[in-house]
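For clarity, every value in this text was computed on a predicted model and none was experimentally measured. Labels below follow one simple rule: chain letters A, B, ... track the order of the sequence lines, proteins then strands, and each chain is numbered from 1.
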Amino acid sequence: MKKYHKDSYYIKKVLLGQVQFYAPLVEKHKLMAYNLAFRIVNDREDAEEVAQDAFIKVYKSLPKFRGEAKFSTWLYKIIYHEALGKLRRKKINTSPIEYNEDNQDLVTINDYLSRVKQETRQQYIEKAMQMLAEDERLILNLFYYSETPIKEIVVITDYTEANVKIKLFRARKQLKKYLQGLLKEELIDLL
Amino acid sequence: MKKEDKYIRQWIKEVPREEPSPNFTANIMSQIKPLSAPAYQPLISKKMWSIIILSFLLLAIFLGYQEGQNTYFSWPEARLPEFNIIRFLDFGTFTSPAISLSIVAILMLWTFLLIGQAIKFHGFFKKNYVL
C-alpha cells in the first residue's frame with residue numbers, strides 16, 4: 001500500500017503554485033470519495049462525475065481552507081451535496097419494497113447469511129443497502145465503513161447530532177428488515 | 001447495541017468497494033489550473049522578527065545597565081619563551097586588545113542569529129526543492 005504524506009503537506013504545496021501536488025491528494029482520497037458518491041447515486045458514471053466535480057470544487061476553494069475540519073470531511077460534505085443534487089436533477093425517487101418486520105434477531109440473520117456463499121451474501125447486503133434512503137445509506141457507510149465519528153457526520157450532512165443518531169438508528173433497523181425480507185425470499189426459493 | 005454494531009459493521013465491510021476509472025485523477029488534473037497567485041510566505045516569519053527585536057531590546061537594556069561599569073573582556077596574556085640564539089628577534093609578549101563586553105555580546109547574538117537563519121534556510125530549501 002502506497003504511503004502518503006499528511007493532507008496539509010500537499011495543500012501547502014498546491015497553494016504555493018505547485019499544481020502537480022494535487023494529484024497525490026486525489027489518489028489518496030479517490031477510492032473513498034468515489035464509493036461515497038456511488039452509495040448515494042447508485043450509478044458508476046454518475047458517481048464518477050460527482051466525485052470528479054467535488055475534487056475540482058475543493059481545489060478551487062483550497063485558498064479558503066483553514067484546516068479547522070479535516071480535508072476528507074470537507075471533501076465528503078461536497079460529495080454528499082453534489083450527489084443529492086444529481087439525484088434531484090435526475091428526479092430519482094427511491095421507493096423501497098415494503099417488508100413486514102418479523103422480529104428475528106441479528107444473530108439469526110447473521111446465521112442465515114453465513115450459510116450462503118460469500119458472493120451471494122455480498123449481493124444481499126448490497127441490495128438491502130440500496131433499498132435504504134440515500135442519507136441513511138451514506139450515514140451507515142460513513143459510520144461503519146469509514147468509521148467516521150458522529151461529529152464529523154454532522155459536518156458532512158448538516159444534520160444535528162440528534163438527527164444523525166436517529167437516522168443511524170433507523171438505518172440499522174431498516175437494514176435488518178430488508179435483509180430479513182431478502183433472506184426469506186431466498187429460503188422460499190430453496191424450498 | 002454492541003452486538004448489533006458488530007454485525008452491521010461486518011456486513012457493510014464485506015461489500016466490495018467500487019473502483020473509479022483508471023483515468024479518474026488524470027481527468028481532474030486536466031481541468032485544473034494553477035490558483036491565481038502563489039501564496040506569499042516570508043523567509044523570516046513575524047514570530048522570528050519578534051524574537052530578533054526582543055533580543056536586541058534586551059541587549060540594549062543590558063548594555064545600558066553595564067555602561068560605566070568599566071568591564072572589559074580580554075584573553076589571558078600569552079608570553080612566548082625567550083630564545084637565546086635569536087635574541088635580536090625580540091617580539092616581546094603578545095597582548096590581546098581589550099574588547100568591550102558590548103561588542104562581545106553583539107558578536108555572540110549575531111552568531112546565534114546567523115546559525116538560526118542558516119538552519120531555517122536549510123529546512124526551507126530541503127522542503128521545497130529536490131536536489
Of the listed residues (K33(B), Q10(B), M29(B)), which shares the most heavy-atom pairs with chain A below a 4.5 Å separation?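 Looking at each of K33(B), Q10(B), M29(B) in turn, M29(B) comes out on top.
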So Q123(A) and V15(B), side-chain contact (heavy atoms from CB on, under 4.5 Å) or not? Walk me through it. CA-CA 8 Å; Q123(A) 281 172 9; V15(B) 176; over 6 Å; no
Do you know which of E126(A), E48(A), M129(A) has the most heavy-atom pairs with chain B at a distance under 4.5 angstrom?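 The answer is E48(A).
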Between L62(A), V14(A), N35(A), which has the largest tally of heavy atom pairs under 4.5 Å with chain B?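 That would be N35(A).
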Shortest non-hydrogen contact between R39(A) and P16(B), atoms and distance: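 Scanning both residues completely, I find the closest heavy atoms to be NH2-O, 3.5 Å.
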What is the minimum heavy-atom distance between Q52(A) and N27(B), and which atoms define it?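 So the minimum-distance heavy-atom pair works out to NE2-ND2, 3.4 Å.
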Atom CZ of residue position F112(B) - does it have more than 12 heavy atoms of other residues, nucleotides or ligands inside 6.0 Å?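 Not buried by this count: 12 neighbours or fewer within 6.0 Å.
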Check this for me: R170(A), atom CZ, are more than 12 non-hydrogen atoms of other residues, nucleotides or ligands nearer than 6.0 Å?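 At most 12 heavy atoms, drawn from other residues, nucleotides or ligands, come within 6.0 Å of this atom.
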Considering only heavy atoms, which portion of [X] lies under 4.5 Å from any heavy atom of chain B: side chain, backbone, both, or neither?
| X | answer |
| --- | --- |
| Y144(A) | both |
| L140(A) | both |
| A33(A) | neither |

Is [Y] reachable from [X] through a run of hydrophobic residues whose side-chain heavy atoms are each under 4.5 Å from the next?
| X | Y | value |
| --- | --- | --- |
| Y76(A) | Y34(A) | no |
| I156(A) | L84(A) | yes |
| L138(A) | Y159(A) | yes |
| I56(A) | F21(A) | yes |
| F65(A) | L15(A) | yes |

Should I28(B) and Y22(A) be marked as a side-chain contact (heavy atoms from CB on, under 4.5 Å) after you check the CA-CA gap, both sets of side-chain angles, and the distance that decides it? CA-CA 9 Å; I28(B) 292 166; Y22(A) 196 59; 4.2 Å; yes
Within a strict 4.5 Å, meaning less than it, do heavy atoms of the [X] and [Y] side chains meet?
| X | Y | value |
| --- | --- | --- |
| L179(A) | W11(B) | yes |
| I8(B) | F143(A) | no |
| D5(B) | R172(A) | yes |

Answer with side chain, backbone, both or neither: which region of F24(B) has an atom nearer than 4.5 Å to a non-hydrogen atom of chain A?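 For F24(B), heavy atoms of backbone and side chain both lie under 4.5 Å from chain A.
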Hey, are E147(A) and R9(B) close enough for a salt bridge, meaning a charged N less than 4.0 Å from a carboxylate O?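 Yes.
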Assess the residue pair L31(A) and E19(B) against the criterion (side-chain contact (heavy atoms from CB on, under 4.5 Å)); give the C-alpha distance rounded to whole Å, side-chain angles, the decisive distance to 0.1 Å, and a yes or no. CA-CA 6 Å; L31(A) 190 64; E19(B) 287 278 342; 3.8 Å; yes
Given 3.5 Å as the limit, does a donor-acceptor pair link the side chain of Q122(A) with the main chain of E14(B), or not?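 Flag set: sc Q122(A) to bb E14(B) pair under 3.5 Å.
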Tell me whether the guanidinium CZ or amine NZ of K13(B) lies under 6.0 angstrom from the six-membered ring centre of Y145(A) and within 45° of its axis.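 Yes, a cation-pi geometry.
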